[in-house]
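Below is one structure, written out as structure tokens, with a few remarks after it.
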Amino acid sequence: MLTLAAVVVAWLKGGHPERLGAVTTLVVFAVSFYTHELRVGAFYAGDAVVDFLMTGLFVWLALTRDRWWALVMSAIMTLTLLVYVSALVVPDLGAYAVLSARIGLGILASLTLLCGAGERWLVGERAVSDREAWVRRARSRSRSRSGNAGPRPVAQAPREVRP
């Protein structure tokens, strides 16, 4: 439920980076249902590959956007990858320890996305969904007033004529 709430809030109240984080979270959640059974021995190889790709995306997002939560999400996903590495390196590490660490980090990732979208909303940044609704309304009003669906021609300054 927390992940669902984080995705909905990020989609409705966030900017483009938050929406990308929400879509990524949904896609990874859906893909994990299929990749969870891909194992090499007791190692969850399918989940590790999906989390590795998700880590790469959040690192890219942290380096190209000005959002603090993307950097925190990159750190959380890096810790998740370290859980996979420790499961390979430490043979006595139980499956419950690995799963509980992954669940805890997943909860932390959902809270981070929720806080990131909430912070954008609290500082007064307009959500993408608000802007898009406004643009659609403005376009429909201008079309209904002018009767013209295309752009209006721009008047050009007259050229000087030299004899």
Side-chain angles (χ1 to χ4, degrees), residues 1-40 43-89 93 95-143 149-151:
M1 294 305 289
L2 177 64
T3 303
L4 181 63
V7 166
V8 168
V9 169
W11 186 263
L12 294 177
K13 295 296 180 186
H16 290 290
E18 288 79 17
R19 280 190 164 192
L20 182 59
V23 168
T24 302
T25 302
L26 277 180
V27 167
V28 165
F29 191 71
V31 168
S32 291
F33 279 110
Y34 298 105
T35 61
H36 183 70
E37 297 301 321
L38 299 173
R39 296 182 189 174
V40 176
F43 181 68
Y44 292 96
D47 288 345
V49 169
V50 170
D51 285 343
F52 180 76
L53 294 173
M54 186 176 181
T55 302
L57 183 104
F58 280 117
V59 166
W60 171 80
L61 195 63
L63 293 175
T64 59
R65 303 294 190 265
D66 61 344
R67 300 291 201 252
W68 63 267
W69 66 266
L71 185 62
V72 173
M73 190 73 84
S74 299
I76 292 168
M77 292 309 301
T78 302
L79 288 173
T80 303
L81 294 179
L82 287 176
V83 169
Y84 289 117
V85 170
S86 65
L88 285 173
V89 174
L93 194 61
Y96 290 115
V98 172
L99 288 177
S100 64
R102 288 177 52 206
I103 289 170
L105 290 168
I107 291 170
L108 191 58
S110 295
L111 284 173
T112 301
L113 182 61
L114 184 65
C115 290
E119 184 252 347
R120 303 316 295 168
W121 176 65
L122 287 173
V123 298
E125 182 179 300
R126 216 170 190 184
V128 173
S129 58
D130 292 343
R131 284 192 296 255
E132 291 300 320
W134 180 80
V135 169
R136 280 193 303 268
R137 278 183 268 154
R139 285 183 193 152
S140 65
R141 276 192 230 131
S142 67
R143 286 180 184 166

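Everything numeric here is computed off the predicted structure, so don't read it as measured data. Keep in mind that the numbers below use all heavy atoms, side chains included, and drop hydrogens, waters and symmetry copies.
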Looking only at non-hydrogen atoms, find the nearest pair between [X] and [Y] and report the distance.
| X | Y | value |
| --- | --- | --- |
| L114 | A5 | CD1-O, 4.1 Å |
| A10 | A22 | CB-CB, 3.9 Å |
| T3 | S110 | OG1-OG, 2.8 Å |

All N/O donor-acceptor pairs, side-chain side in residues 71-79, below 3.5 Å, sequence neighbours left out:
unit_1, atom_1, unit_2, atom_2, d
S74, OG, F58, O, 2.9
S74, OG, V59, N, 3.3
S74, OG, A70, O, 2.8
T78, OG1, S74, O, 2.7

When you compare the side chain of [Y] with that of [X], does any pair of heavy atoms fall below 4.5 Å?
| X | Y | answer |
| --- | --- | --- |
| E119 | V123 | yes |
| L20 | W60 | yes |
| S86 | L82 | no |
| F52 | L57 | no |

From [X] [atom1] over to [Y] [atom2], what is the distance, rounded to the nearest 0.5 angstrom?
| X | Y | atom1 | atom2 | value |
| --- | --- | --- | --- | --- |
| R65 | E18 | CZ | CD | 10.5 Å |
| L2 | L111 | CG | CG | 5.0 Å |
| T55 | L81 | OG1 | CG | 4.0 Å |
| L26 | W11 | CG | CH2 | 9.0 Å |
| R67 | R120 | CZ | CZ | 4.0 Å |

Please tabulate, for the side chains in residues 98-109, all donor-acceptor contacts under 3.5 angstrom to protein atoms that are two or more places apart in sequence or on a different chain.
unit_1, atom_1, unit_2, atom_2, d
S100, OG, Y96, O, 2.9
S100, OG, A97, O, 3.0
R102, NE, Y84, OH, 3.0
R102, NH2, D47, OD2, 2.9
R102, NH2, Y84, OH, 3.4

*asked:* Checking T25 against M54 for the side chain to side chain contact (heavy atoms under 4.5 Å, CB included) test, could you report, in this order, the C-alpha distance in whole Å, the side-chain angles of both residues, the deciding distance, and whether it holds?
replied: CA-CA 8 Å; T25 302; M54 186 176 181; 4.2 Å; yes
